[in-house]
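A note on names: the letters A, B, ... follow the listed sequences, proteins ahead of strands, and every chain is numbered from 1.
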Amino acid sequence: MELKQTETVSEVFGRVLEDLAFLFAEDFDPDQSPEQCDENVLAKISFSGDAIGSVSLAVPKAMCEIFAENVMGLDPDDEIVHAQALDALGEVLNVVCGQLLTATAGEVPVFDLTVPSVEMIDRKRWDELAADSATNAFLVDDEYPVLLNFVISI
Amino acid sequence: MSLNILLVDDSLTIRAVMKKTLHLAGVPIKEIYQAGNGQEALDILSENWIDLVFADINMPVMNGVEMIEKMAENDMMKTIPVVVVSTEGSQTRIDRLKACGITAYIRKPFHPENFREVVENITGVNHGA
């Protein structure tokens, strides 16, 4: 049985993003995808244990560098910001995943998480993800569309 | 007393954030060593004097639980305090980790106060706000 967690996903993502990266997210209509959606990155973590599922985070490529910049507290021009942009996206997803699992399943169940995988995706894949009923869409920093897909089955 | 600290996490981003957070927390640091997984951490531990380990759980090659178990089997390493820093929110898992001998647990996302409190509890020294 697949569980829907729209409100929980919105609350957890907003809290983690603010706490970890000092960024603010608001709910967003994915049909209004801005132009920067043509070059995007998808990070995904799968989990197993007392329930199975996955959490995926799709963002414009430029958003990854903003994650790295804000999470590490560095200047945009710092070399490490560019070098660790995809790593930063994976770590944001890692924290979101851990917090989502506790928020939806509580503190008793135990889950094993995979290491985040990261890949570039095209506009077609972005649109498919946006149309998925398990996807929540956000606008981060008033500019960047972000898709968060959370699937949990018990 | 300044501490030799080992940071174990497969994310260089998080290692950088932990390093910065330790400085912000006012923890007295002699040297910071870094490892990307449990095996790299064991290699560093076998060759260097380390006072305190901060380690993630979910890592490739060798995860944090395996690393803690290996440390427990080694006379030179088994007394080194290990603080797990993870996204893990399962109290069941945290209790299991404590049964394995970890000293403390910090959940991501973390703040300097989390590190300061843990280090003060371990060293018994108040490092100030």
Quick check on the hydrophobic clustering: are [X] and [Y] connected, directly or via other members, by side-chain heavy-atom contacts under 4.5 Å?
X      : Y     : answer
B/V84  : B/I32 : no
B/I5   : B/M77 : no
B/I122 : B/L22 : yes

query: A/T102 pairs by side-chain contact (heavy atoms from CB on, under 4.5 Å) with which of B/E88, B/R107, B/Q91?
result: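 Looking at B/E88, B/R107, B/Q91, the match for A/T102 under the side-chain contact (heavy atoms from CB on, under 4.5 Å) is B/R107.
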
N/O donor-acceptor pairs under 3.5 Å from side chains in residues 18-27 of chain A, not counting sequence neighbours:
| unit_1 | atom_1 | unit_2 | atom_2 | d |
| --- | --- | --- | --- | --- |
| A/D19 | OD1 | B/H111 | NE2 | 3.4 |
| A/D27 | OD1 | A/S10 | OG | 3.2 |

message: Do A/V110 and B/R96 have side chains that approach each other closer than 4.5 Å (heavy atoms only, starting at C-beta)?
response: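 Side chain of A/V110 against side chain of B/R96, heavy atoms only: contact under 4.5 Å found.
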
- request: Flag yes if more than 12 heavy atoms outside A/I52 fall under 6.0 Å of its CD1 atom; otherwise flag no.
  value: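 It does not: A/I52 CD1 has 12 such atoms or fewer within range.
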
Got a donor-acceptor contact below 3.5 angstrom from the [X] side chain to the [Y] backbone?
X     : Y      : result
B/S90 : A/P109 : yes
A/D87 : B/S11  : no
A/Q99 : B/K108 : yes

Where on [X] is there a heavy atom nearer than 4.5 Å to chain B: the side chain, the backbone, both, or neither?
X      : value
A/A68  : neither
A/L113 : both
A/F111 : backbone
A/V16  : neither

query: Who in residues 48-74 of chain B is close to chain A, using a strict under-4.5 Å heavy-atom cut-off?
result: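 Counting heavy atoms that sit under 4.5 Å from chain A, the residues of residues 48-74 of chain B involved are B/N58, B/M59, B/P60.
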
